[in-house]
Amino acid sequence: MQLDRPLLVVTPTVDGDVLMALARADASFTGRGLHQVIGRYSAEGVRRALERLVSQGIVNASVAGPSKLYRLNRQHVAAPHVVALAGIAGDFCARLRDRIAAWQIPPAYAALFGSAVTGQMRPDSDIDVFAVRPETIAMDDHGWVRQLEELAHDGTLWTGNDLRILEMSEADARMGAKGNDPVIADIRDQGIVLAGPTEYLAARAAKAPRGAG
């Protein structure tokens, strides 16, 4: 699935993107304005989708001067399901956080990064999770490895996309942060924190390595 376009799970048409945009903003839009928000399809295609959805009652239309304004009908019996689908990315992050919070060996830091965060997913895109192993835990520690494997397995089932885990020790994460490694910089600047301090990577970049001075 594509976390940035979750209604593709149920419909591959412009209607899904229209519903997603309306569900994520409790506001009214002109057809042209909604087309700009969606950023794909033609303006005419978006307008036709809106009229189809108005005929189903899930979208309300009102006249404002020379324009029509469209808004999700949140009283419609289908509206809660549309809103829930539109919010799947948040639900997925919450599920990841809950699972990681239940680990017997907590990571020093964990974050979601890559296309799942930047809105560039394809249906076959991997989902990337960064996990920092505490300094006191060996790389081959059975409990630590098992946690990573279970998260990769279950995360794949949750979305249909391969969940890949980029694991680093605290020393390697610190070195990458100080050296401005492009992957670490991407995680620092755009990643969604799942565990650990929000400014973990920024702090590692500023911290002098042991023995320095």
Side-chain angles (χ1 to χ4, degrees), residues 1-6 8-9 20 24 84-213:
M1 70 175 295
Q2 293 171 245
L3 291 172
D4 55 326
R5 300 175 65 194
L8 289 177
V9 168
M20 182 190 70
R24 287 179 171 175
L85 279 171
I88 275 180
D91 292 344
F92 177 64
C93 287
R95 189 176 290 195
L96 289 174
R97 289 191 181 100
D98 288 346
R99 172 60 65 86
I100 293 172
W103 281 2
Q104 291 186 345
I105 304 173
Y109 177 79
L112 181 69
F113 71 103
S115 62
V117 173
T118 61
Q120 298 175 337
M121 285 190 75
R122 302 185 308 272
D124 60 347
S125 293
D126 295 335
I127 291 177
D128 299 304
V129 170
F130 178 60
V132 178
R133 188 178 71 255
E135 290 181 348
T136 56
I137 303 299
M139 181 171 59
D140 59 353
D141 182 275
H142 175 72
W144 174 256
V145 172
R146 178 176 51 79
Q147 292 175 163
L148 298 180
E149 290 176 344
E150 289 178 351
L151 180 63
H153 176 270
D154 292 348
T156 298
L157 290 178
W158 295 341
T159 62
N161 305 77
D162 285 340
L163 190 147
R164 305 289 182 90
I165 299 177
L166 173 62
E167 181 221 12
M168 285 188 182
S169 66
E170 289 201 77
D172 286 342
R174 181 166 54 248
M175 184 180 301
K178 287 185 69 65
N180 204 31
D181 177 277
V183 175
I184 298 296
D186 176 68
I187 298 169
R188 180 194 65 214
D189 297 339
Q190 301 188 72
I192 296 175
V193 177
L194 302 174
T198 301
E199 300 299 324
Y200 177 85
L201 292 176
R204 300 288 83 71
K207 182 179 179 181
R210 291 179 179 177

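Computed from a predicted structure; not experimentally measured. Scope of the values below: all heavy atoms of this structure, side chains included, with no hydrogens, waters or symmetry mates.
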For [X] and [Y], which heavy atoms make the closest approach, and how far apart are they?
{"X": "A84", "Y": "D91", "result": "O-OD2, 4.2 Å"}
{"X": "L194", "Y": "A111", "result": "CD1-C, 3.8 Å"}
{"X": "R24", "Y": "P6", "result": "NH2-CD, 3.7 Å"}
{"X": "F92", "Y": "G155", "result": "CE1-O, 4.4 Å"}
{"X": "P134", "Y": "P106", "result": "CG-O, 3.2 Å"}
{"X": "Y200", "Y": "V132", "result": "OH-CG1, 3.5 Å"}

Which residue pairs pass the salt bridge (charged side-chain N to carboxylate O under 4.0 Å, His left out) test when at least one of the two sits in residues 138-148, sequence neighbours left out?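 As it turns out, the salt bridge (charged side-chain N to carboxylate O under 4.0 Å, His left out) pairs with a partner in residues 138-148, which skip direct neighbours, are R146-E150.
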Okay, side chain of [X], backbone of [Y]: is any donor-acceptor separation there less than 3.5 Å?
{"X": "Q2", "Y": "M121", "value": "yes"}
{"X": "E170", "Y": "E135", "value": "yes"}
{"X": "R133", "Y": "E167", "value": "no"}

Would you compute the distance between atom [atom1] of [X] and atom [atom2] of [Y] and round it to the nearest 0.5 angstrom?
{"X": "N161", "Y": "T156", "atom1": "CG", "atom2": "OG1", "result": "8.0 Å"}
{"X": "H142", "Y": "Q147", "atom1": "NE2", "atom2": "CD", "result": "10.0 Å"}
{"X": "D4", "Y": "T118", "atom1": "CG", "atom2": "OG1", "result": "8.0 Å"}
{"X": "M20", "Y": "L85", "atom1": "CE", "atom2": "CG", "result": "11.5 Å"}
{"X": "D128", "Y": "I165", "atom1": "CG", "atom2": "CD1", "result": "10.5 Å"}
{"X": "D186", "Y": "D181", "atom1": "CG", "atom2": "CG", "result": "10.0 Å"}

Sole candidate of V193, V117, I88, L112 that passes side-chain contact (heavy atoms from CB on, under 4.5 Å) when paired with C93: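 Considering V193, V117, I88, L112, a side-chain contact (heavy atoms from CB on, under 4.5 Å) with C93 is found only for L112.
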Checking L201 against I184 for the side chain to side chain contact (heavy atoms under 4.5 Å, CB included) test, could you report, in this order, the C-alpha distance in whole Å, the side-chain angles of both residues, the deciding distance, and whether it holds? CA-CA 8 Å; L201 292 176; I184 298 296; 4.1 Å; yes
How are the rings of F130 and F113 set to each other: parallel, tilted or perpendicular (split at 30° and 60°)?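 Answer is perpendicular, since the angle exceeds 60°.
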For the CD atom on Q190, are there more than 12 heavy atoms of other groups (residues, nucleotides or ligands in this structure) within a distance under 6.0 Å?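 Yes, the 6.0 Å shell around CD holds more than 12 heavy atoms from other groups.
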Can you name the salt bridge (Lys or Arg N to Asp or Glu O under 4.0 Å) partners of D154, sequence neighbours left out?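 Partners of D154 under the salt bridge (Lys or Arg N to Asp or Glu O under 4.0 Å) test: R99.
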Restricting to side-chain contact (heavy atoms from CB on, under 4.5 Å), what partner residues turn up for A171, sequence neighbours left out? S169, R174
Check against side chain to side chain contact (heavy atoms under 4.5 Å, CB included), L151 and L96: CA-CA 8 Å; L151 180 63; L96 289 174; 3.8 Å; yes
